[in-house]
Amino acid sequence: MRVDTDNLPGVVMTVAVVGGLGWYLLQPERVSGVVGVEPGLGSTTPVLVGWTVASCTLIVGTALWWWGPIRLSRAQAVWHLSGPADRGPVLRAQRLRASMSALMGCLAVAVVASILDWSSAPALLGAGLVSAAALMTAASWRQHRSSDALFEHTDRRARRSVERLHRDVVAPDDGFIGAARLAVVTMDLGWLSTARVVRWELGNTRSRSRVLPLGRARACLSADLTRLRRRPGDLIVFAVVVAVGLAMSQTLYLTSIAPAVAAVLAYRAGCAMAGGLRRLTEEPALRRALGGSRVEITAVHSVVPVVAVLLWCGVASLTWHLSAVALVVVTIGSAVAVVRRATRPDLPFDAPVYVTGQGGAVQPLLLLAMARGPAAVVLTGLVATLIG
């Protein structure tokens, strides 16, 4: 992705505003008032090192795993790498750029974690450096292994060579670059989720069929569970969210923001299991082919994500220090938010545009549609926080 001269002022202004807000909100005195390390654990350094490594793995590692340390568009691969010139310098430059991005991301995570205890900053920065190196090594190994699966090299040296990486590995036709551009322009991360689904479908074109039980509701529920079993990545995301919730309750203390954080985690746990409901909403023909009313089909496919929210809240009831009323609010609000986000229709990009006095433009109906789901989470967090 490139930024041209027309977009540069807007990018600089956005970076300045986000950086200023981050500097204001991440002051040590403000952060220590809402979150900190449990005093009963002794030294805070090992706890913060663990959170730094885990955060780097979840944030930077996930991006490297899906994006790849070497990533080119299909057009670049066809026009720049298919000629007689050596493509090694181009691919090495891409790997160096990814290494620097991973390093900066891990160091940023370490700096944020250091706010909780500045005396642990050297150890956290070292953990960030080690995490960046380990994540780049793992991502590069995965990329080379994927290349080996596409064609067999003649010798072991060629398998480690960047120049011999397969074009479908360094420039896969999975739509991730286009989805990332759309996500930046439209401020909607749903494009990346759709690209992940398409990428999975390209690699899983055949599967063994099974006989569904009788009855529309039972058949739809069984099909949703089958989809979940065929995509274990959703189960892994759900397990990670549960693990993060457990780790927070055991290693960190959260004061007034605990109900809001619980609402966000419950919402994320439900969204991880709502792939069937989202697919049903994105494909109206599929919903009509199943027959029955819209309410019935939506209710049946809402069972799995709602159960995921209930499971997370059940774990939180045993480990988090939330009042019964706040926990009920978090459970109901998060479940409603998950269903609303999963049943969000196509965004109205052709909505009316209102021009402001300074030459800016805004689409209220588009923003309102994009807020469907996240707005319910924010409201749930505020209400649960007020209740305590």
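Position 1 is the first residue of the sequence, and the numbers go up from there.
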Test item: V111 and L125 side chains (from C-beta on) under 4.5 Å apart, heavy atoms: yes
Under 3.5 Å donor-acceptor, Q143 side chain and I70 backbone: yes
Donor-acceptor contact present, side-chain R372 to main-chain R340, <3.5 Å: yes
S222 side chain vs R218 backbone, donor-acceptor pair below 3.5 Å: no
Side-chain heavy-atom pair P172, R71 within 4.5 angstrom cut-off: yes
L116 vs W51 side-chain heavy atoms within contact, under 4.5 Å: no
V240 vs V244 side-chain heavy atoms within contact, under 4.5 Å: yes
A139 versus L64, closest heavy-atom pair with distance: CB-CB, 4.0 Å
L228 side chain near V304 side chain, heavy-atom distance below 4.5 Å: yes
Distance in Å, I115 CD1 paired with L48 CG, rounded so as to fall on 0.5 Å steps: 11.0 Å
Euclidean distance, T62 OG1 relative to W67 CH2, rounded to 0.5 Å: 15.0 Å
Joint hydrophobic cluster, L58 plus V264, side-chain heavy atoms closer than 4.5 Å: no
Close side-chain approach of T385 and I257, heavy atoms under 4.5 Å: no
Between CG on residue D346 and OG1 on residue T281, distance to nearest 0.5 Å: 9.5 Å
Residue list, salt bridge (Lys or Arg N to Asp or Glu O under 4.0 Å) with R227, at least two apart or on another chain: D224, D234
Expected output: side-chain S140 to main-chain T137 donor-acceptor under 3.5 Å: no
Distance-minimising heavy-atom pair for I387 and A326: CG2-N, 4.0 Å
Distance-only check: which donor-acceptor pairs under 3.5 Å involve side-chain atoms of residues 266-280, not counting sequence neighbours?
| from | atom 1 | to | atom 2 | distance (Å) |
| --- | --- | --- | --- | --- |
| R278 | NH1 | C271 | O | 3.0 |
| R279 | NH2 | E201 | OE2 | 3.1 |

Close side-chain approach of V37 to T251, heavy-atom, < 4.5 Å: no
Path from V328 to V325 over hydrophobic side-chain contacts below 4.5 Å: no
Connected via hydrophobic side-chain network under 4.5 Å: V60 and M136: yes
Nearest heavy atoms of A113 and T52, plus distance in Å: CB-OG1, 3.5 Å
Backbone N/O of V53 and side chain of S131: donor-acceptor pair under 3.5 Å: no
Shortest non-hydrogen contact between V330 and P259, atoms and distance: CG2-O, 3.9 Å
side-chain hydrogen bond (donor to acceptor under 3.5 Å, both in side chains) partners of S120, counting only residues at least two apart: T45, D117
Closest non-hydrogen atom pair between G333 and T380, with its separation: CA-OG1, 3.3 Å
V309 versus A335, closest heavy-atom pair with distance: CG1-N, 4.0 Å
L367 CG to L365 CG distance, which is reported to the nearest 0.5 Å: 9.0 Å
Connected via hydrophobic side-chain network under 4.5 Å: W118 and V112: yes
Atom pair CG (L221) and OG1 (T226), whose distance is rounded to the nearest 0.5 Å: 9.5 Å
Verify same cluster id: V242, L311 (apolar side-chain graph, 4.5 Å): yes
Gap separating the CG atom of L265 from the CH2 atom of W320, nearest 0.5 angstrom: 5.5 Å
T255 and V35, any side-chain heavy atoms less than 4.5 Å apart: no
